[in-house]
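In this text, all values refer to a predicted model and were calculated from it rather than measured experimentally. Every number for a ligand or one of its atoms is a count from 1 in the order of the listing.
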Amino acid sequence: MREVLPGISAVGSPDWDRRSFDALVPLPHGTSYNNYMVKGSEKTALIDTVDPTKEYELICNLVKLGVDGIDYVVVNHAEQDHSGSLPMILELFPQARVLCTEKCKDLLVRLLEIEPDRCQVVADKEIVSLGGKTLEFIVAPWVHWPETMLTYVKEDRLLFTCDLFGSHYASSDLFAGDNPEIIPAARRYYAELMMPFRKSIAGHMEKLAGYDIAIVAPSHGPLFSPPDMIFSAYRDWISDGVKNEVVIPFVSMHGSTRKMVDYLTDALIQRGITVRPLNLETTDSGVLSMSLVDAATIVIACPTVLFGPHPLAVSATYLINILRPKARFMTVIGSYGWGGQAVETIKGMLTHVKPEILDPVYINGTPDTGALKQLDLLAEAIMEKHRAAGILHQ
Ligand code: FEO
């Protein structure tokens with residue numbers, strides 16, 4: 001438990017050794033579930049709760065803080081790592097009212113069996129005064145669920161953002177300060193959770209430009225004060241701008257596809273392009289996600305297994321499709337033994353992204369000089385596309 005500002009305390013917990021989230025996202029730095037107690041002269045509000053595994057620590061922090069009543073529990077987001085302790089809080093503080101969006105109320109009822117009449121739905125820009133601490137709710141859907149909102153404390157120019165601007169990073173420091181690990185951790189978090197919603201986030205950030213914000217207090221990872229560093233990073237990530245980079249998620253069974261990846265990698269480097277070959281056997285999904293944030297081109301490289309693409313390539317393609325990166329060009333390279341529909345299957349999976357598909361290079365057996373020539377042509381085509389996009393200047 002620590003004081004953020006007079007009347008505002010952080011009462012959440014780090015989770016130092018958690019290594020996986022949603023059975024999907026690797027957590028190399030652990031995470032934290034931040035929540036906050038805001039005490040006005042008349043009323044008190046708890047901003048979000050914590051993961052159910054940290055309930056006991058939350059209670060200890062409230063006791064240490066001397067909290068003997070809670071008037072409001074603001075639920076910015078219904079996902080259980082922030083709402084999972086809500087039933088316990090509502091039981092301990094029977095007078096507490098839940099402030100949330102309409103959609104959030106529906107989710108809390110369905111996910112946690114919260115009594116609907118404990119919830120008070122708030123509207124965009126609605127204000128609740130605690131006495132010297134004025135909460136303004138900013139409805140901000142799709143970061144990264146449909147019910148999300150942010151909460152602004154006017155007097156302190158502090159914005160509670162829940163998942164937005166967060167990072168899965170357990171730290172003993174309350175604020176990010178100049179820790180060089182925080183922006184890469186925030187980038188990883190953005191790539192894994194927020195990237196599909198970059199257009200919504202752009203709209204929300206435009207709205208936030210109308211607020212005077214001195215502190216951003218997310219519910220994962222350190223706080224930002226001033227928030228310029230995280231705002232600037234997000235503006236870059238959510239922009240339509242791409243970089244002169246090619247990501248090659250690849251898998252190879254007997255070496256033919258690997259030879260093609262190595263050859264194409266070198267051919268692209270020779271043409272002044274940054275390349276990230278990622279071996280899907282050993283690359284965690286977070287690294288793959290991060291590599292997609294601003295790469296201009298994605299080349300999926302895989303052999304066939306029986307009648308279609310290797311399952312690791314299927315999994316990577318599925319992830320790429322749902323994360324909706326802003327890559328402008330994609331293609332497939334690889335080698336097959338006796339047929340299969342690898343290229344068509346992969347292309348058919350790209351339903352949520354609309355890149356220009358460059359000519360694939362899909363060959364039978366080991367790459368011969370003809371195949372290498374095709375890879376040279378592909379490298380040449382990518383170079384021309386990057387030049388035309390204004391991201392390669394040579
Ligand atoms: Fe940190 Fe979407 O929950």
Asp266/Arg271 ion pair, N-O < 4.0 Å: no
Atom name, Asp81 (N, O or S, nearest to atom 1 (Fe) of ligand 1): OD2
Apex atom 1 (Fe) of ligand 1 - arms NE2 from His82 and NE2 from His220 - angle rounded to 10°: 90°
Atom of Glu79 nearest atom 2 (Fe) of ligand 1 (restricted to N/O/S, atom name only): OE1
Cluster overlap Leu358 with Ile300, hydrophobic side-chain contacts below 4.5 Å: no
Residue Cys162, metal atom 2 (Fe) of ligand 1, N/O/S under 2.8 Å: no
Angle subtended at atom 2 (Fe) of ligand 1 by NE2 of His77 and OD2 of Asp163, nearest 10°: 90°
Under-4.0 Å salt bridge between Arg198 and Asp240: yes
Arg258 versus Tyr263, side-chain donor and acceptor atoms under 3.5 Å: no
Distance-only donor-acceptor check, side chains His82 and Asp48, under 3.5 Å: no
